[in-house]
Amino acid sequence: MSGRFVDYFAVCGLDPELELDEVRVLQQRLEPNQNEEPQNHTDLLHRTFRSRVLAHFPENVEGNPFDPDAVNMLSVPGGLRFWSQPQAPRFHSFLITREDYSRTYGFVLTFSERVQTQARTQTQTLSRDQGRDQGGDQGPCSSWSLDSLLVSLGEDQVYVCKALVILAPLPFMGVYRNFLWQLHRAVTAETSPPLPLESYIYNLLYEVPLPPPGLSVQVQGVYEPVCVTVGFLQVPLPPPGLSVQVQGVYEPVCVTVGFLQVPLPPPGLSVQVQGVYEPVWCHRPGTAELPLLDFSVSDALLRLGPQQLLQVFSCLLLEHQVLLYSQDPQLLVVVGEVMCSLLFPFQWQHVYVPLLPAALSHFLDAPVPYLMGLQGQDRSQLDLPQEANLCFVDLDNSSVDVPEDFPQFPLQEELILELKDILQRHSAPETSSGPGPPPLDPLSLQDQCNGNVPSEVLDLLQKNQTLQRLEALTRRARVSVTQEGRGLSGRLQQEKKAAILNTQLREVFAARFVAMFCDYDAFVIHSCSDLHSWLTARENMHNFDKASFLSEQPEHLLPFLARFIETQMFASFIDNKIMSQWNQQEAQLRLFDQRIQTRRLYQQRATTYQLQQAVQAVEQRYQRVAHTAVLPHLLRMRIGQGRFTPGTFPRLQQEVLKAPTTR
């Protein structure tokens, strides 16, 4: 892992200079020979292009070289399209796994922007005439460019999709999604943000630290999420780097001026990171908590239902082939990441591609266990591998096809009741604090729509003239305002509740494995005195006394456990346990052994105690900010640089987004 908060920021889209071959083909179809029927323009608008990585920053990160082909293929998995109308922006994630099993997470916001063209029909006609004069009639290919193609389409306005991409070593999905949405809002708003977009991107790339385990970072927004005027009281602006706090009716309100960089505090506190319009909180679990998961377990549960989710879960544990299928690429990644996280303390040892590009669909024929996600439009056209151990999961229709002769997960009915009980307790309606409907929160709408805001809601928020005038006034006064007096605390409260729900659901699964394998270490066979001898004889050794272990288990667990302890997943777990006597103990194994010790200490109360500890750790990170990242600031840009046309993401200034030199 690189140790950075963000490795790369990239932009993918249509590069006219690189798409000439495809444009030539399209123009041939637009102007057919005399014996051919004219091509329907509507069909051409639905044709997909290959996108390109238009820019990425920085140029290179040591230990994690930029892979333009993989980033491009996964950022625009369905191909790049033209539209006659603007499309609603969409968010999705992806994952790149390298040969050394290291992972890079990608987070993408795709949106449509109008294609700017200078072509005119008469220019195209003149080019054809010149071609005929020079060498006879060369047909429609004598003049080929993106501009002339758009003229041929006969559309007054043509839109094409563009993708903003963040690549990071850890999946802080909520933070990166929020940042990308704010970037898109800045581009589409009628008034530009106070600083060029390069300032915010530079800040995220180079000035936001990766929080240590147990800490939270908050990226502080340009427009503060609290009002600095209470009633008619005018609050004086503080000196740079300092803060003024005013006690509001319900909670303190404050403003900070300056670019003071705060050192990281001790573990157990929280930190802020900078967005374009408002702060973004980044939370990293501590070493005594389950590993980081910023994807919603409840979303996967509600999509499939507890029983079907457990069927998929069991297929993974027994190392079957599992194919996820959906039209929504983000849903594929959410379910894939959730299923892998629920395996704790075990880890998936085989092929894992939660978003498989269509061009690589032949990988599904591989005769090995895998967990893959396939984005598609029509299931009837799927050419599925005819494997007896394939588990096919149709997420759009909430259906699961499991292999025959498939054992149930131990005590499955009890586990289902536990999961349903947690979901019901969290979905109970809350008492309203006042009359009228709750305030409209665009972030909560993103969560309900898998991170994607409905276009009509997005338009409503962006076209609110009252909010725009209010923001303009507060910017001129060097203060800030949000849509509601308690907007930040309300949103953070929602985020905290979602995090607690995620934690409780995951702890239920972890507790099951603790109960099943609480005495596993008694059956581990330590037959070598040093690591070198063990590695040399590893293939011919029995590292776990399977027969004795099974003889100690209850009868109802045997059908599942007898098959599970034969998997590569379990074998790797035991190998890590043996190697821990010579090497540093692997993090998940260490945490699992700590949970076993807790169970032995608290016995019947262990599950309740562990759940309380996990929830308390989440609540503590939301209590206060431990570190606020350095604020975005003006970069060394010439006058006029950084300006852009509203609705079009600009060409970023490469010279100011280079990695800073270390002294």
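Worth saying up front: this structure is predicted, and the values here are computed from it rather than measured.
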Got a second to check how far L323's CG is from D401's CG, nearest 0.5 Å? 10.5 Å
Counting N and O atoms only, with roles assigned by atom type, does the side chain of D545 sit under 3.5 Å from a partner on the main chain of S548, one being a donor and the other an acceptor? yes
Nearest heavy-atom neighbours spanning A510 and R595: CB-NH1, 4.3 Å
Look at R506 together with E289 and state whether they make a salt bridge at an N to O cut-off of under 4.0 Å. no
Between N543 and I525, is there a donor-acceptor pair closer than 3.5 Å when you use the side chain of the first and the backbone of the second? no
Is it the case that the side chain of Q553 and the backbone of L558 share a donor-acceptor pair, with hydrogens and angles ignored and the cut-off at 3.5 Å? no
Close side-chain approach of P171 and L292, heavy atoms under 4.5 Å: yes
Correct closest heavy-atom pair for F406 and Q311 would be CZ-O, 3.6 Å
Under a plain distance cut-off of 3.5 Å, with no hydrogens placed, do Y352 and E337 share a side-chain donor-acceptor pair? yes
Which is it for L343 and F513 under the side-chain contact (heavy atoms from CB on, under 4.5 Å) test, yes or no, and what are the steps along the way? CA-CA 9 Å; L343 296 175; F513 285 123; 5.7 Å; no
L332 side, atom CG; Y325 side, atom OH - distance, nearest 0.5 Å: 10.0 Å
Looking at R599, is its backbone amide N or carbonyl O close enough to the side chain of Y609 to form a donor-acceptor pair, meaning the two atoms are under 3.5 Å apart? no
Rounded distance [0.5 Å steps], CG in D67 versus OG1 in T104: 9.5 Å
Close side-chain approach of F409 to I416, heavy-atom, < 4.5 Å: no
Heavy-atom pair with the smallest gap, counting every atom of M173 and F295: CG-CE2, 3.8 Å
Give a yes or no on whether the ring-centroid distance for F107 and F172 is below 6.0 angstrom. no
Identify the two heavy atoms, one from E507 and one from A614, that lie closest to each other, and give their separation to 0.1 Å. OE2-CB, 3.4 Å
Checking E319 side chain against V368 main chain: does a donor-acceptor pair fall under 3.5 Å? no
Minimum heavy-atom distance S296-V334, with the two atoms named: O-CG1, 3.9 Å
Is it true that atom CD of Q308 has more than 12 heavy atoms of other residues, nucleotides or ligands lying nearer than 6.0 Å? yes
Considering only heavy atoms from C-beta outward, does the side chain of Q87 approach that of C161 to under 4.5 Å? no
side-chain contact (heavy atoms from CB on, under 4.5 Å) assessment of Y105 paired with L170: CA-CA 7 Å; Y105 293 86; L170 291 175; 5.7 Å; no
Min side-chain heavy-atom separation S51-S75 under 4.5 Å: no
Hey, is the main chain of G174 close enough, under 3.5 Å, to the side chain of D294 for a donor-acceptor pair? yes
Sort out for me which residue in F313, F564, Y520, F509 forms a ring pair (Phe, Tyr, Trp, His ring centres under 6.0 Å) with F346. F564
Closer than 3.5 angstrom, by distance alone: can the side chain of S572 be matched with the main-chain N or O of M569 as a donor-acceptor pair? no
So V322 and V312, do their side chains get closer than 4.5 Å, heavy atoms only? yes
Are more than 12 heavy atoms from other residues, nucleotides or ligands located less than 6.0 Å from atom NE2 of H526? yes
On a heavy-atom basis, the closest approach of P306 and L419 is CB-CD1, 4.4 Å
Just by modelled atom types, is the D396 backbone N or O under 3.5 Å from a matching donor or acceptor in the D394 side chain? yes
Any side-chain donor-acceptor pair under 3.5 Å between E495 and H283? no
Does atom CZ (R605) have a neighbourhood of more than 12 heavy atoms from anything else shown, all under 6.0 Å? no
Salt-bridged, E566 to K546, with N to O below 4.0 Å? yes
Q375 and L356, any side-chain heavy atoms less than 4.5 Å apart: no
Please confirm whether H350 and Y370 have ring centers closer than 6.0 angstrom. no
Taking only Lys NZ, Arg NE, NH1 and NH2, and the carboxylate oxygens of Asp or Glu, determine whether E619 and K497 approach each other closer than 4.0 Å. no
Taking Q347 for the side chain and P345 for the main chain, is one N or O donor matched with an acceptor at less than 3.5 Å? no
Under a 4.5 Å cut-off applied to non-hydrogen side-chain atoms, are L14 and R52 in contact? no
Which distance, rounded to the nearest 0.5 Å, do you find between the CG of L167 and the CD1 of I96? 6.0 Å
Please determine whether a side-chain nitrogen of the Lys or Arg among D299 and R303 lies less than 4.0 Å from a carboxylate oxygen of the Asp or Glu. no
In the structure I gave you, are the side-chain heavy atoms of Y8 and N64 within less than 4.5 Å of one another anywhere? yes
CG-SG distance between L390 and C315, expressed to the nearest 0.5 angstrom: 9.0 Å
Given the options F544, F517, F592, F573 meets side-chain contact (heavy atoms from CB on, under 4.5 Å) only with F592
Evaluation steps, side-chain contact (heavy atoms from CB on, under 4.5 Å), between V11 and V53: CA-CA 6 Å; V11 182; V53 176; over 6 Å; no
To the nearest 0.5 Å, how far apart are CG in L304 and CG in L310? 10.0 Å
Any donor and acceptor pair, going by atom type alone, linking the side chain of S102 with main-chain N or O of R98 inside 3.5 Å? no
State plainly whether the residues K577 and D593 are in salt-bridge range, i.e. N to O under 4.0 Å. yes
